[in-house]
Amino acid sequence: MKAIDQSHGKLFMDPDPDHARKFFRKKNRKKMNKVMDLGQAIETFVLDGEYLAIGGFGSNRTPIAACHEIVRQGRKGMGFLGHTSTHDMQVLSAGEVYDRIDISYGVGLEARGLSRCSRAYLESGKVMVTEWTNYALTARLKAASMGIPFMPARTMLGTDTFKKSAAIQAICPFTNTTLALVPALYPDVAVIHVHEADIYGNARFKGIAVADIELAHASKRLIITTERLIRHDEISRDPSMTQIPFLLVDAVCEVPYGAYPGGMPGEYFSDEDHLTDWLDAEKNDETFNAFIKKEIFGCRNHEDYLNLHGGRERMAALRAEECLLHKEFYREDV
Amino acid sequence: MKAIDQSHGKLFMDPDPDHARKFFRKKNRKKMNKVMDLGQAIETFVLDGEYLAIGGFGSNRTPIAACHEIVRQGRKGMGFLGHTSTHDMQVLSAGEVYDRIDISYGVGLEARGLSRCSRAYLESGKVMVTEWTNYALTARLKAASMGIPFMPARTMLGTDTFKKSAAIQAICPFTNTTLALVPALYPDVAVIHVHEADIYGNARFKGIAVADIELAHASKRLIITTERLIRHDEISRDPSMTQIPFLLVDAVCEVPYGAYPGGMPGEYFSDEDHLTDWLDAEKNDETFNAFIKKEIFGCRNHEDYLNLHGGRERMAALRAEECLLHKEFYREDV
Amino acid sequence: MKTYNHMEMMIIAAARELENGSTAAVGTGAPCAAAMLAQKTHAPDLIILFEAGGISPRLVDMPISVGDSRTFHQASKAGTMGDVMDACARGTVDYTFLGGAQIDRYGNLNSTMIGRDHKKPKVRFPGSGGANDFASLCWRTMVMTVQDKRRFVEKLDFITTPGWLDGGNSREQSGLPRGTGPYRIITHMAVMDFEPVSKRMRVISLHPGYSFDDVQEECGFELLRSEIILDTPKPGVSELEILRKEVDPRGYLIGR
Amino acid sequence: MKTYNHMEMMIIAAARELENGSTAAVGTGAPCAAAMLAQKTHAPDLIILFEAGGISPRLVDMPISVGDSRTFHQASKAGTMGDVMDACARGTVDYTFLGGAQIDRYGNLNSTMIGRDHKKPKVRFPGSGGANDFASLCWRTMVMTVQDKRRFVEKLDFITTPGWLDGGNSREQSGLPRGTGPYRIITHMAVMDFEPVSKRMRVISLHPGYSFDDVQEECGFELLRSEIILDTPKPGVSELEILRKEVDPRGYLIGR
């Protein structure tokens, strides 16, 4: 397979499946109790200089509690997977946690506007940026999850997105189709937030999966944060429902409202007022520093953060907002 | 991408994604009532000379009722996907429905023994055979489902299985890994048996998925046979449970016990006595002809066939067998 | 005096382009509003897909994210990003609706950056997201954007998302799936398509109150004229009513 | 007189090779029995995978198919064939257990056909199924088969599943994942491994009552001898009891 066109973006991670296999051979796959405190999980498995990926999509089912903890613990020099990363990227940019990024979508908070902080950080020249598309990044994770060095795709062709990626163009030997080959991506560590997990790490969630199943399989280490722990026999009673099996998981942390101020399907809607506060605070550096000091460094943990924003009462309101939207879940006659 | 080693097996189906796209562009994707009689579905969508794939795995969740109907209607000259095909292949071989096969596992009925009929048919020289592995066929379907012309794999290398396949060996331009590239496979038609489907074709099943999700996406036409129809609002109430969305589906046929004499997870176990009858009947050509005449051609439909084998009473016993195995589904104290 | 605003005109013109029974991959904002309006008017069987995994939802409320709960509310399937992108790649998605910071005469889009140096951009935008994928893989790409010469530029600072690339048959030669490409550009002034051979943007319909010159004035490159330039029918009473009362009752987009 | 039969010896010898806490991809029949026995004796934390999608089931009864309900009974996940094969490809599966109609000195297996002409074989067997995949992708391949010179042959009619291919470093050169390959061959007479440089099969342990010559007699190629050939400990009372009462109480395999 000969490259007919080469891109110029930096390839941050080694796509060689034999190198990854060496790691996975030694990885502990025991069905053991992996429950720990979020602080401990981040301390143990999220390391300076390594490559981090965050599950969910934008502000949906995104482990924001873990992002705060990563900033709070002062991680630096990480690689980051900006695979439609919105508020999570905003938090990690505030902490200047990463200095290189594979990006498909970042900076923005979708319909809410742009994060001045994320934007300024990428404009500063402090961050090495390699461009991709949402599908290209999904395909890179899929290749890793399948233990192959690349995935062929029909996207990015002809654009500057391709030129600033680390993909290779090649011709299909069966059909002569021109393809973009995207290299496998094995993140060092990923954090994924779910609805339910047992103590071993068997995890399941409701609603769209985005690329979290691929991510769970591709990542060398995996932290699961979960709205609630459930008994293992709940899992084993209906194993068709398990999306992430325990073999992949290194830590299980019970973090209720772990996606707040983002939303969790069927549980609670995003706190749009507080997300607006974030965007507003960024308009002025001084304000924003004070804001981060209060919101992240001023909190010992996610519970503190929730209490800072109305605690149980506010959460109840967000639950109602989500559930009223989904009133058909509860009433048959609509 | 240059082929460094070429196999000698015949490639039966065009892997070109642009040709497949032309078909899919015109395919009717409307959310309309697709319920029809199984006979009508087979007549409309399973055509002489085309390429057929059957869902499930071996004798599990396999649309045997549809296989009988295909034989009963006298389909000939088809291509067939022998992707761990056991009793379904036995039925289709009895009807000499296919004359070319992509095979990973066939002929055998796993621990039950070998089908003399399937075996003799492949030994007769009447069938063109291309070899693959289970994973290679899954990967071929996955490539088609992703609209790419091939999938890289690290299997089949160095063996006669590769030589008699239609794969190509090539070198990865990122890592220099030697890969087997397996071409996309778009079957003309597939039949998949599920637990529940609505009238539009939104379908879901319990237990292992084997390669049915890839198959559903890769196939140009798709017939769903279902243990029971459910209301659409059952689907839309929890869309996380849908495995096959209506867009892919051409026909929905309600066929209770549609996998019989195979099994259906959580519903009924396989009828091992009757499967043994099949294997025994094959030992003598004359006996087998009479057997097929009675079992397939003597029945107007699957209900006749079920009645021939004990009807409701026998089905109740098979339900009990399956459910006693899974008694933990019903009792918490085990 | 006009009884509707720019955004309303744009959303209504866009909605009209969507055929009943077709499939459309959309994002949040105006494209989503157009799809919702189409569903509630002439295209009740329009099938909507969201890139994060929502397949054929019932849209009761405008999503704020292409992955929020509304994007798979009473859907047929809450799937994966791969599911939706694969559907586009297999050729089963007819339309996509995109936006962008800059657009050129061939319908190429920039949503990545302003400036010369990718390492240190003057302005950084979000990047492709799924836009490049959709425009590569769906059959017909439609773009909704305000007619503004700072957006319609001679040369993009960065080609994030492919249109007809360098025009002519350059798109097909690039390896992008055959038969795909930009189809309509919908602004608050006009509807444009692309001349079949050169693939240059051309005006095919003018919205009430705008002339070709008005459009050209707000375009940084030379526009072609279709042989016959139609008058866009002005927003109907019921289109406006449904848009205001059912699609965007809180006025997030149409600002009422 | 022996108080156990061939199949029992084979299953027990195989079970002993499985480390606690490791992962094993198995099929039906003897390999599955060995895995179940290991779980019930020294390896309670052995994680079993079935190629049709069953991940870490609790095996209460012997499956008759690698896809029947028993293969995902109280499992951690009832997944897809892709899930299981991907796990092997990523390097997370330690062991696999295979069988075959023929085996050669390098541990290559034939389960496809007997004869010269692939177009018209003398005898057609099922083919690879997942065997080639498992032997390609899992770290250590183990084979269980009766010691029989019609099975242990000089040259296979068809290489379905890779062992050490032509010996030496030919396997690694083929592109198969580094560090993988045949590990143990377990028959009713002996346990064999492969000499590290030539990759030829060699006897490392003899079951009670058999000599090296007995094994060589039932082998169509020349076997190597390990420097020290161990005596396989004879089946323990509790191994036999668990095998007979809990693993295969109906005697499907052990025929009691």
Side-chain angles (χ1 to χ4, degrees), chain A residues 56-61 82 84 86 103-108 110-112 114 118-119 122-125 128-129 131-136 138-139 142 153-161 164 169 177-180 206-214 263 265-266 269-270 272 322 325-326 328, chain C residues 27-29 50-54 60-74 78-83 85 88-89 108 110 112 115 118-133 136-137 156 158-162 165-166 170-171 173-177 252:
Chain A
F57 183 93
S59 54
N60 311 289
R61 206 171 45 66
T84 297
T86 72
I103 194 166
S104 56
Y105 180 101
V107 172
E110 299 189 79
R112 300 175 191 97
L114 297 180
S118 285
R119 190 170 183 165
L122 292 201
E123 289 165 1
S124 71
M128 249 192 302
V129 178
E131 302 285 337
W132 305 91
T133 67
N134 270 346
Y135 189 46
T138 293
K142 199 180 289 236
R154 305 190 71 192
T155 186
M156 300 201 293
L157 297 163
T159 62
D160 292 329
T161 306
K164 297 296 180 190
Q169 268 184 48
T177 312
T178 302
L179 298 165
K206 291 241 163 197
I208 50 167
V210 200
D212 282 0
I213 296 168
E214 291 88 344
F269 202 74
S270 47
E272 292 301 322
E322 176 73 6
L325 173 71
H326 288 286
E328 293 84 351
Chain C
T28 48
F50 288 96
E51 69 191 276
V60 285
D61 208 348
M62 196 89 72
I64 195 158
S65 157
V66 298
D68 79 31
S69 305
R70 291 153 178 158
T71 63
F72 49 92
H73 176 68
Q74 294 196 338
T80 69
M81 182 179 278
D83 285 337
M85 293 299 184
C88 299
N108 302 302
N110 175 16
T112 301
H118 180 255
K119 291 202 179 72
K120 214 166 177 302
K122 226 157 84 187
V123 186
R124 172 75 208 194
F125 297 122
S128 159
N132 179 305
D133 306 311
S136 296
L137 304 171
L156 302 184
F158 192 98
I159 302 181
T160 307
T161 295
L165 297 178
D166 298 322
S170 59
R171 183 181 167 106
Q173 285 181 339
S174 74
L176 287 168
Y252 288 137

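Within every chain, numbering begins at 1; the chains are lettered A, B, ... in the order of the sequence lines, protein sequences first and strands thereafter.
Only the backbone of A/Ser124 comes within less than 4.5 Å of a heavy atom in chain C; its side chain stays farther off. Proximity to chain A is absent for every atom of C/Phe50, based on heavy atoms less than 4.5 angstrom apart. In this structure, the portions of C/Ser65 lying under 4.5 Å from any heavy atom of chain A include both its backbone and its side chain. Heavy atoms closer than 4.5 Å to chain A are found nowhere in C/Ser170, neither backbone nor side chain. With a 4.5 Å cut-off on non-hydrogen atoms, A/Ala153 does not touch chain C at all. For a residue to count as touching a neighbouring chain, one of its non-hydrogen atoms must lie under 4.5 Å from one of that chain's; by this rule C/Leu165 touches chain A with the side chain only. Interface residue A/Thr133: backbone and side-chain heavy atoms are both found under 4.5 Å from chain C. Only the side chain of C/Leu137 has a heavy atom closer than 4.5 Å to any heavy atom of chain A. Of the atoms belonging to C/Thr160, heavy atoms from both backbone and side chain fall under 4.5 Å from chain A.
Side-chain contact check for C/Pro162 versus C/Ser174: every heavy-atom pair is 4.5 Å or farther apart. Counting heavy atoms from C-beta outward, A/Lys164 and A/Trp132 have side chains that stay 4.5 Å or more apart. Annotation: side chain of C/Ser69 is in contact with side chain of A/Glu322 (closest heavy-atom distance under 4.5 Å). Contact annotation: the side chain of A/Thr84 never approaches that of C/Val66 to less than 4.5 Å [non-hydrogen atoms, C-beta and beyond]. A/Tyr135 is not listed as a side-chain neighbour of A/Met156, based on a closest heavy-atom distance of 4.5 Å or more.
Interface remark: of the candidates C/Arg171, C/Lys122, C/Lys119, C/Lys122 forms the most heavy-atom pairs closer than 4.5 Å to chain A. Interface remark: of the candidates A/Arg61, A/Glu214, A/Glu272, A/Glu272 forms the most heavy-atom pairs closer than 4.5 Å to chain C. Ranked by heavy-atom pairs shorter than 4.5 Å toward chain A, the options C/Pro121, C/Pro63, C/Gly127 are led by C/Pro121. Options A/Asn60, A/Leu114, A/Thr178 differ in how many heavy-atom pairs under 4.5 Å they form with chain C, and the most are formed by A/Asn60. Contact count versus chain C (heavy atoms, under 4.5 Å) is highest, among A/Gly125, A/Ser104, A/Gly82, for A/Ser104. Contact count against chain C (heavy-atom pairs under 4.5 Å) is highest for A/Gly207 among A/Gly207, A/Gly108, A/Gly58. The greatest number of non-hydrogen atom pairs below 4.5 Å with chain A, out of C/Asp133, C/Thr71, C/Asn108, is found for C/Asp133. When each of A/Val107, A/Leu157, A/Val129, A/Thr138 is scored by its heavy-atom pairs under 4.5 Å with chain C, the top score falls to A/Leu157. Ranked by heavy-atom pairs shorter than 4.5 Å toward chain A, the options C/Ala52, C/Gly54, C/Ser136, C/Gly27 are led by C/Ala52. In terms of heavy-atom pairs under 4.5 angstrom with chain A, the leader among C/Gly79, C/Ala131, C/Gly53 is C/Gly79. Of the listed residues (C/Met85, C/Met62, C/His118), the greatest number of heavy-atom pairs within a distance under 4.5 Å of chain A belongs to C/His118.
A salt bridge links C/Arg124 with A/Glu131: the distance from a Lys NZ or Arg NE/NH1/NH2 to an Asp or Glu carboxylate oxygen falls below 4.0 Å.
Looking only at atom types and distance, the side chain of C/Asn132 has a donor-acceptor partner in the side chain of A/Thr155 under 3.5 Å away. Using a 3.5 Å distance cut-off with no hydrogens or angles, the side chains of A/Thr86 and A/Glu110 do not pair a donor with an acceptor. For A/Ser59 and A/Arg112, the side-chain atoms include at least one donor-acceptor pair closer than 3.5 Å.
The CE atom of C/Met81 sits 5.5 Å away from atom CD of C/Glu51, with the distance rounded to the nearest 0.5 Å. Here the CG-OG distance, from C/Asn110 to C/Ser128, works out to 11.0 Å after rounding to the nearest 0.5 Å.
Of all non-hydrogen atoms in C/Phe72 and C/Gly67, the two that sit nearest each other are CE2-O, 3.9 Å.
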